[in-house]
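Chain letters run A, B, ... following the sequence lines, proteins first, then strands; residues in each count from 1.
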2 protein chains.
Amino acid sequence: MSMMKNSGDRPICQHCHQASGHTCVARVPIFNHLDNDQMDAVTEAIRSLTYQKGDIIYRAGDPSDSLYIVNTGSVRIYRISDSGKEQVVRLLQPGDFTGEYALFSESLHESYAEANEPVTICTIRRNNLQDFLMRYPSIVLKILKTYSARLEQSEKQTTSLATESVGKRLSLYLAELAEASGSDTIRLPMNKKDLASFLGTTPETISRRLADLEAKGLIHKLDPKRFRLLDKNRLENL
Amino acid sequence: MSMMKNSGDRPICQHCHQASGHTCVARVPIFNHLDNDQMDAVTEAIRSLTYQKGDIIYRAGDPSDSLYIVNTGSVRIYRISDSGKEQVVRLLQPGDFTGEYALFSESLHESYAEANEPVTICTIRRNNLQDFLMRYPSIVLKILKTYSARLEQSEKQTTSLATESVGKRLSLYLAELAEASGSDTIRLPMNKKDLASFLGTTPETISRRLADLEAKGLIHKLDPKRFRLLDKNRLENL
DNA sequence: GTGAAAACTTGATCTGGGTCAAAGAAAAGA
DNA sequence: TCTTTTCTTTGACCCAGATCAAGTTTTCAC
């Protein structure tokens with residue numbers, strides 16, 4: 001399998017398999033440190049899928065036997081609480097993966113994964129993944145690292161919900177977006193409804209708090225989704 | 001090293017090392033499936049420590065190079081939010097472990113660990129642990145399992161904070177305690193202040209909601225810490 | 001394009017639960 | 001034991017933010 005197969009002549013992934021599979025493998029932190037032969041081996045085991053905006057990739061209660069790696073686009077992971085309300089727990093960007101819980105525990109998905117826009121996803125089955133874990137132990141440490149970072153992130157989110165005001169949570173979120181994109185002009189990666197759900201509030205309150213921040217001269221709204229951060233320092237230490 | 005070393009003649013761990021180390025190893029899910037020789041090897045690498053109530057085991061910003069396994073007693077893990085408020089993120093019971101984040105990422109602790117009562121803890125150093133991971137690959141799968149369960153738990157907690165009322169969170173917590181103890185008479189493992197922090201509320205509100213539940217005939221207060229659940233079904237589906 | 005539906009904003013109102021205060025109960029020293 | 005300190009409970013009050021409603025803008029299908 002050549003690495004250069006799809007250069008120029010066709011868009012990535014119409015009914016792609018190995019070609020975009022390899023870009024996927026090269027992109028994710030848990031595999032991208034492997035050498036070429038090893039990556040090829042992993043690529044063999046990968047199946048590539050595409051989804052349209054709104055498609056459900058898996059839902060709570062589904063049995064799971066695959067790891068899902070986002071290649072292009074973004075995927076919204078959400079849960080339904082005991083009282084039936086939906087909450088967005090994270091947004092997967094290219095290179096992020098999910099499905100691990102069920103992968104190691106042989107249990108069922110507890111959350112929903114939905115295409116937030118058109119996405120291409122690489123999947124790898126449990127058996128194959130476990131083979132690779134045995135063959136290339138360095139992958140294990142990568143996965144453990146990613147896991148602990150995710151856990152860290154999740155606990156931080158919990159603490160933020162438990163102790164900070166909506167304004168503070170929003171400000172920190174905006175600052176993080178800027179951090180991640182390396183620019184002071186940011187684009188909200190979700191609509192206000194989903195962002196509200198992620199931050200544990202309502203779309204109305206998001207609108208109001210953004211208006212407050214703009215009134216204070218901390219941000220400038222370019223359009224409903226794009227903002228320029230005018231004073232990141234003051235924003236973070238609100 | 002005999003497994004029966006300290007039967008009867010002395011309390012576990014005065015200045016114990018291997019003896020209580022072994023009980024520790026035998027107790028935690030990540031090691032307890034090893035055979036005797038392997039457990040002995042792990043036990044060799046373990047150092048046992050005791051702390052008094054209120055002692056800090058580690059604090060945010062400390063470098064970390066050990067895994068901490070609770071042998072007896074309980075340990076409160078908490079974080080300080082950006083705005084300086086403290087939040088209890090979990091309570092470690094015998095068999096639980098912590099310290100993993102820094103273990104795999106070579107970074108610093110982001111949370112605080114404090115003895116909630118007198119505790120004995122077994123520690124194992126990064127290098128030793130990584131040796132065992134290579135020698136006994138079954139440990140890796142156990143750790144991954146534990147991790148994903150913890151992540152699951154943490155995301156559930158996040159969703160609960162984001163979408164449920166205090167009353168509901170409290171009810172679910174009580175039901176979980178009963179579940180875990182296998183009895184309808186439960187004992188709160190923390191004082192109200194810490195429980196409030198864990199559930200993202202205040203001690204006053206905890207008192208009030210418990211009073212509400214009692215008024216509705218769902219629980220009966222035995223003393224400030226102990227309750228009998230009278231109608232678990234109605235409690236969970238409040 | 002044009003129309004319909006979805007998303008967003010702003011206003012008015014209401015309430016869960018936080019805050020402050022003070023009394024009562026347990027726990028810990030001494 | 002008694003005393004001091006720490007927890008817990010209850011009351012009064014208040015506010016951040018939810019909810020409801022109505023208008024506005026954006027998006028998307030045709």
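In terms of position on DNA chain D, the residue among B/L210 and A/S165 whose nearest nucleotide sits closer to the 5' end is B/L210. Both A/I206 and B/E164 lie near DNA chain C, and the one whose nearest nucleotide falls closer to the 5' end is A/I206. For the pair B/G200 and B/K53, both in contact range of DNA chain C, the more 5′-proximal nearest nucleotide belongs to B/G200.
In summary, B/R76 and B/E114 engage in a salt bridge, as defined by a charged side-chain N under 4.0 Å from a carboxylate O.
Listed nucleotides D/dA18, C/dG17, D/dT10 differ in distance to A/T201; the shortest reach to its side chain belongs to D/dA18. Proximity note for B/T205 (side chain, C-beta onward) versus C/dC8, C/dG18, D/dG17: the nearest is C/dG18. Counting only heavy atoms from C-beta on, B/R208 has its side chain closest to D/dA12 among C/dT9, C/dG17, D/dA12.
In this structure, the CG atom of B/L195 is 13 Å from the C1' atom of D/dT8, given to the nearest Å. Nucleotide D/dT9 holds its C1' atom 13 Å from the CG atom of B/D212, rounded to whole Å. The distance between atom CE of B/M190 and atom P of C/dA26, rounded to the nearest whole Å, is 21 Å.
Each of B/S81, B/S197, B/S111 was scored for a side chain to side chain contact (heavy atoms under 4.5 Å, CB included) with B/Q87, with one residue passing: B/S197.
B/R209 contributes no side-chain N or O that forms a donor-acceptor pair with the base of C/dG17 under 3.5 Å. Side-chain atoms of B/E204 stay outside donor-acceptor range of the base of D/dC7, with no qualifying N/O pair under 3.5 Å.
Surrounding CZ of B/R125 are at most 12 heavy atoms belonging to other residues, nucleotides or ligands under 6.0 Å away.
Put simply, the side chain of A/T163 does not reach to within 4.5 Å of the side chain of B/E86, judged on heavy atoms. Between B/V70 and B/Y68, the closest side-chain pair of non-hydrogen atoms is not below 4.5 Å.
Using a 4.0 Å heavy-atom distance criterion, B/K225 is classed as a sugar-phosphate-only contact.
Taking side-chain N and O atoms only, B/K221 has a distance below 4.0 Å to OP1 or OP2 of D/dT9. The side chain of B/K192 contributes an N or O atom lying less than 4.0 Å from OP1 or OP2 of D/dT9. Within the structure, every side-chain polar atom (N or O) of A/T202 is placed at least 4.0 Å from both OP1 and OP2 of D/dG17.
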